[in-house]
Amino acid sequence: MIYIGLTGWGDHDELYTNAAQARAKLQTYSSHFPIVEVDSSFYAIQSQANAEKWVRETPKTFEFIVKAYQGMTGHLRGDIPFESKEKMFEAFHLSLQSYINANKLGLILFQFPPWFDCRRENVDYLRWCREQMGDLPVALEFRHQSWFSSQYREKTLAFMEAEKWVHSICDEPQAGSGSIPTVLSPTTEDKTLIRFHGRNVHGWNRPNQGNWREVRYLYRYNDVELLEWVDHINELKKKTKQLYVLFNNNSGGDAATNAKQFIELLNITYQNLAPRQLDLFS
C-alpha cells in the first residue's frame, strides 16, 4: 500500500475553498489524502485531548505520522522543560495513546538536526531512544551527510535494520554537510517513509538574515522529477509492504499540488476518504 499526504494540514489554502472547509480543515484534508504528518508535536508535546479530537475528525482508515518533540531530537536549545529525559519520553508516549487506541498511528518520526553527526555518542543516543519507544513504529531521518558517507553508509543502514528503525528516505537539495543523499534502501519489511523537501539548493542552508523557513521549502517538482520517483516507488514497494510518502515543499504552497500529481502518476485511487464538502455551486 502506498499512502501519500502532506506535512501538516493547516497551510494548504487550495484545499479549503469555502468557509465550511476552512472551519474544518483536518476533516476537509482527510477527504483528499489518507495520511498526514503532525508537525505541531515537534514544537510541544500535544495533549491527549488534541489527539482525540484529530482522531474523531478523520476516517477510520486515516493514519498519522507524529513528529517527535524537539527536546527528544536535540533541536531544543537550552534545558528541556521536564525533570529528566525519561519523563519527557513518558509524556510523549502518553500523547500517542489516542492514535494507538484508534489504530491510526502510522509512524513516529525522529528527525535529527544537521549538527547530529555520525559518532559514537550519537549512535548510543539513537539506541537509547529506540529502547524508550518500545515496540512502536519509529522512523529515523538524518540531516548530517556523515551518516551516508562512503565510510559509514552500510554500517548506518545495518544499524537501523538491527535496531528496527524505519528509514525516512529524503528527496532534498544537496547543499553541503547539512543535507543527505537519497538512499533508496528500506530497513524494515513493513514500512518505509519518503519525505519530499524540495530541491531549493540556494535556500536550504540558514542565511545570516531573513526568514529562512519561508524559503527553505520553496520548490515545485516538475513532471520529470516526479516520474523519476514513480520508478523509485515501484522498486521500493517490492521490498516494503507499506510506503508512506509526505510532501514538505510548502513554502510556496506547492505540496498539495505535487502530492495530487504524484497520486495521479502512480494511478492510485483511495477508498474510504472523508466525504468531500463541495462548493455551493459545484
Side-chain angles (χ1 to χ4, degrees), residues 2-11 29 33-46 50-51 54-55 62-76 88-89 91-100 104-114 116 122 125-144 147-148 156-157 159-161 163-172 178-180 182-183 185-188 190-198 213 216-217 236 240 242-250 255 259:
I2 303 169
Y3 304 92
I4 297 173
L6 312 176
T7 56
W9 60 85
D11 299 327
Y29 173 97
F33 302 106
I35 60 168
V36 74
E37 179 180 303
V38 180
D39 49 11
S40 57
S41 55
F42 173 78
Y43 300 101
I45 294 178
Q46 297 296 299
N50 280 349
W54 299 334
V55 164
F62 193 85
E63 294 189 29
F64 295 86
I65 290 90
V66 182
K67 197 168 184 180
Y69 172 56
Q70 59 181 329
M72 299 161 64
T73 54
H75 288 84
L76 186 66
M88 176 173 59
F89 273 77
F92 186 73
H93 257 284
L94 285 174
S95 75
L96 301 173
Q97 285 307 306
S98 295
Y99 306 114
I100 295 169
K104 290 189 175 185
L105 180 63
L107 287 165
I108 302 149
L109 171 62
F110 277 67
Q111 182 193 66
F112 285 88
F116 189 84
N122 288 338
Y125 183 68
L126 288 175
R127 187 174 283 113
W128 185 84
C129 288
R130 194 65 190 89
E131 289 173 357
Q132 301 307 302
M133 299 310 297
D135 294 330
L136 295 176
V138 184
L140 175 57
E141 181 173 323
F142 295 112
R143 278 284 169 86
H144 195 280
W147 295 95
F148 293 117
T156 295
L157 293 169
F159 169 79
M160 292 173 67
E161 185 173 348
E163 295 290 318
K164 298 182 180 179
W165 284 101
V166 172
H167 188 187
S168 177
I169 299 170
C170 296
D171 184 290
E172 64 189 40
S179 57
I180 61 168
T182 298
V183 178
S185 300
T187 52
T188 72
D190 290 333
K191 298 182 178 186
T192 296
L193 177 63
I194 300 103
R195 296 177 85 232
F196 285 84
H197 296 301
R213 295 190 182 280
R216 187 175 207 197
Y217 304 109
L236 288 169
T240 307
Q242 298 178 81
L243 297 175
Y244 295 85
V245 180
L246 294 168
F247 281 81
N248 190 39
N249 56 318
N250 203 49

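- For the pair E37/R195, a side-chain contact is recorded, criterion being any heavy-atom separation below 4.5 Å from C-beta on.
- By the side chain to side chain donor-acceptor pair (under 3.5 Å) test, T192 pairs with T240, sequence neighbours left out.
- A search for ring-ring contact (aromatic ring centres under 6.0 Å, His included) contacts involving Y69 returns nothing, not counting sequence neighbours.
- With sequence neighbours left out, N122 forms a side chain to side chain contact (heavy atoms under 4.5 Å, CB included) with F116, D117, R119, W147.
- Rounding to the nearest 0.5 angstrom, the gap separating the CD1 atom in I35 from the CD1 atom in I65 is 4.0 Å.
- Distance check: E63 CD to L107 CG gives 8.0 Å after rounding to the nearest 0.5 Å.
- E172 is linked by a side chain to side chain donor-acceptor pair (under 3.5 Å) to nothing, counting only residues two or more places apart in sequence or in another chain.
- Checked against salt bridge (charged side-chain N to carboxylate O under 4.0 Å, His left out), E161 has no partners two or more places apart in sequence or in another chain.
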Sequence neighbours left out, cut at 3.5 Å: what donor-acceptor pairs do the side chains of residues 164-171 make with other protein atoms?
{"from": "H167", "atom 1": "ND1", "to": "S185", "atom 2": "O", "distance (Å)": "2.8"}
{"from": "S168", "atom 1": "OG", "to": "E141", "atom 2": "OE1", "distance (Å)": "2.7"}
{"from": "D171", "atom 1": "OD1", "to": "R199", "atom 2": "NE", "distance (Å)": "3.0"}
{"from": "D171", "atom 1": "OD1", "to": "Y221", "atom 2": "OH", "distance (Å)": "2.8"}
{"from": "D171", "atom 1": "OD2", "to": "R199", "atom 2": "NE", "distance (Å)": "3.4"}
{"from": "D171", "atom 1": "OD2", "to": "R199", "atom 2": "NH2", "distance (Å)": "2.7"}
{"from": "D171", "atom 1": "OD2", "to": "W229", "atom 2": "NE1", "distance (Å)": "2.7"}

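- Taken from OH in Y217 to CG in N250, the straight-line distance is 11.5 Å, to the nearest 0.5 Å.
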Query - Working for side chain to side chain contact (heavy atoms under 4.5 Å, CB included), residues L236 and I194 - result: CA-CA 10 Å; L236 288 169; I194 300 103; 4.2 Å; yes
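- A search for side chain to side chain contact (heavy atoms under 4.5 Å, CB included) contacts involving A51 returns S98, Y99, not counting sequence neighbours.
- Evaluation of the salt bridge (charged side-chain N to carboxylate O under 4.0 Å, His left out) rule for D190 yields K241 as partners, not counting sequence neighbours.
- Here the CG atom belonging to L243 is positioned 10.0 Å from the OH atom belonging to Y3, to the nearest 0.5 angstrom.
- Within the model, atoms CD of E163 and CD of E131 stand 7.5 Å from one another, a figure rounded to the nearest 0.5 Å.
- Remark: N50 engages Q46, S47, W54 in a side chain to side chain contact (heavy atoms under 4.5 Å, CB included) (not counting sequence neighbours).
- Partners of R143 by side chain to side chain donor-acceptor pair (under 3.5 Å), not counting sequence neighbours, listed by chain and number: H197.
- Checked against side chain to side chain donor-acceptor pair (under 3.5 Å), T156 has no partners two or more places apart in sequence or in another chain.
- Residues passing the side chain to side chain contact (heavy atoms under 4.5 Å, CB included) test with T73, sequence neighbours excluded: F42, A68, H75, F110, F112.
- If you take CZ on F92 and CD1 on I45, they are separated by 7.0 Å, rounding to the nearest 0.5 Å.
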